[in-house]
Amino acid sequence: MSALLSAKGLKLAFGGVKAADGIDLDVMEGEFLAIIGPNGAGKTTFINMTTGYLKPQAGEITYRGQKLLGLSPRKIVGLGIARSFQLPQLFTEHTVLENVALAIAARDGIWVPFAPLLRPSVRAEAEEVLARFGLSALAERRGDALNEGARKLTDIAMAVALRPQLLLMDEPTSGVAAADKMAVVETLVRVLRDAKVTAVFVEHDMEVVARFADRVAVWGQGRIMALGPPQQILNDPQVLRDVIGIAPKEASHASA
Ligand SMILES: Nc1ncnc2c1ncn2[C@@H]1O[C@H](COP(=O)(O)OP(=O)(O)OP(=O)(O)O)[C@@H](O)[C@H]1O
Ligand SMILES: [Mg+2]
């Protein structure tokens, strides 16, 4: 496997807060890389820098050898990098199908409001994307009438409709009811593996991390404190104490 995305020496401070304090990370083609770490560690900041929403004060990010810094979020999407948000960014007054259709239209550079919703080819593609996510039954449901699991999947379906090769997901399971969580993750992992999408995801649920991550990066105060396979990282006493918040001896359930 070769590095698809490579970050080197990323730094970004907000006043006295070091949101990125020397981030070096290679994301390998085809892997699922989980980012874990406490609130305020800089996890979202890394996604924002990679996708053009924030510019680091130092460092470099390359994707397939091309420099990303200074490119707009739209340009970066055009290179094959998509993201989903900590809080889903749906058009709540539009249906699930319309939301995905609008993402497809944006990908194709169609910016006439609502016109794309009438195009049969766009609708057909949106229906096909929804079928892959198991969302067909909710196609005509408005965004504001979805439970959190369906809202998250719709948000990710919109990102996948952009046909990315790399997808960065910010807390894809946060707010999803415990009973729905594994089904939501299983669905999105199946879709992403089928489409051969490399994935980076921020996750607070260690069961999800243990089950779906190929590697885990531990963020803390703008730095990567540890990086490795889940069975190693999730049993590291320091990670257990600082990130997961449990004393090592009661941590047997955190193993992969
Ligand atoms: N645009 C901004 N302006 C000012 N401060 C910011 C900005 N973005 C992030 N920060 C600060 O940078 C630090 C890292 O924030 P970030 O959102 O990356 O953390 P996080 O690891 O995603 O946390 P969480 O788990 O709560 O989502 C925090 O102290 C945050 O308040
Ligand atoms: Mg965050």
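First listed ligand is number 1; within each ligand, the first listed atom is number 1. Note that the coordinates shown come from a computational prediction; the quantities given were computed from them, not determined experimentally. In what follows, residues are counted from 1 in the order of the sequence shown.
Around the Mg ion (ligand 2), protein atoms of type N, O or S found under 2.8 Å number 2.
Of all protein heavy atoms, the one lying nearest to atom 25 (O) of ligand 1 is Lys43 NZ, 2.7 Å. When only non-hydrogen protein atoms are considered, atom 27 (O) of ligand 1 lies nearest to Gln86 NE2, 2.9 Å. Among protein heavy atoms, the minimum distance from atom 23 (O) of ligand 1 is reached at Gly40 N, 2.8 Å. The closest protein non-hydrogen atom to atom 26 (O) of ligand 1 is Asn39 ND2, 3.0 Å.
Each of the atoms 9 (C), 14 (C), 15 (O), 16 (P), 18 (O) of ligand 1 lies under 4.0 Å from some heavy atom of Thr45. Below 4.0 Å from some heavy atom of Thr44 lie the following atoms of ligand 1, by number and element: 17 (O), 18 (O), 20 (P), 22 (O), 27 (O). Contact atoms of ligand 1 toward His204: 25 (O) (distance under 4.0 Å to a heavy atom of the residue). Of all atoms in ligand 1, numbered sequentially from 1 with element shown, those under 4.0 Å from a heavy atom of Glu171 are 25 (O), 27 (O).
Cation-pi geometry between Arg83 and Tyr53 is met: the NZ or CZ atom falls under 6.0 Å from the ring centre, inside 45° of the normal.
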N/O donor-acceptor pairs under 3.5 Å from side chains in residues 191-198, not counting sequence neighbours:
residue : atom : partner : partner atom : Å
Thr198  : OG1  : Gly30   : N            : 2.7

Only distances under 3.5 Å count here; give the side-chain donor-acceptor pairs of residues 58-69 to other protein atoms, sequence neighbours excluded, each with its distance to 0.1 Å.
residue : atom : partner : partner atom : Å
Tyr63   : OH   : Gln165  : OE1          : 3.1
Arg64   : NH2  : Glu29   : OE2          : 3.3

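In this structure, His204 and Ile36 have side chains that are not in contact, with every pair of non-hydrogen atoms separated by 4.5 Å or more. Taking 4.5 Å as the limit, every side-chain heavy atom of Leu162 sits out of range of all side-chain heavy atoms of Ile104. Residues Phe85 and Leu90 are not in side-chain contact: their nearest non-hydrogen atoms beyond the backbone lie 4.5 Å or more apart.
Checking Glu203, Lys152, Glu207 one by one against Thr173, the side-chain hydrogen bond (donor to acceptor under 3.5 Å, both in side chains) holds for a single residue, Glu203.
Note that atom 11 (C) of ligand 1 has protein non-hydrogen atoms nearby, at separations under 4.0 angstrom.
Across Trp219, Phe14, Phe46, heavy-atom proximity to atom 8 (N) of ligand 1 is greatest for Phe14.
Residue pairs meeting the salt bridge (Lys or Arg N to Asp or Glu O under 4.0 Å) criterion with at least one member in residues 222-238, sequence neighbours excluded: Asp21-Arg223.
At a 3.5 angstrom cut-off on N or O pairs, Gly37 does not count as close to ligand 1.
Atom CD of Glu148 has more than 12 heavy atoms from other residues, nucleotides or ligands within 6.0 Å.
In the model, Thr45 has no side-chain atom that pairs as donor or acceptor with a side-chain atom of Lys43 under 3.5 Å. Asp170 and Thr44 form a side-chain donor-acceptor contact under 3.5 Å, judged by distance and modelled atom types alone.
Here Val17 has side-chain heavy atoms under 4.0 Å from ligand 1, and that is the only part of it that gets that close.
A salt bridge between Arg215 and Glu31 is present, with a side-chain N of the basic residue lying under 4.0 Å from a carboxylate O of the acidic one.
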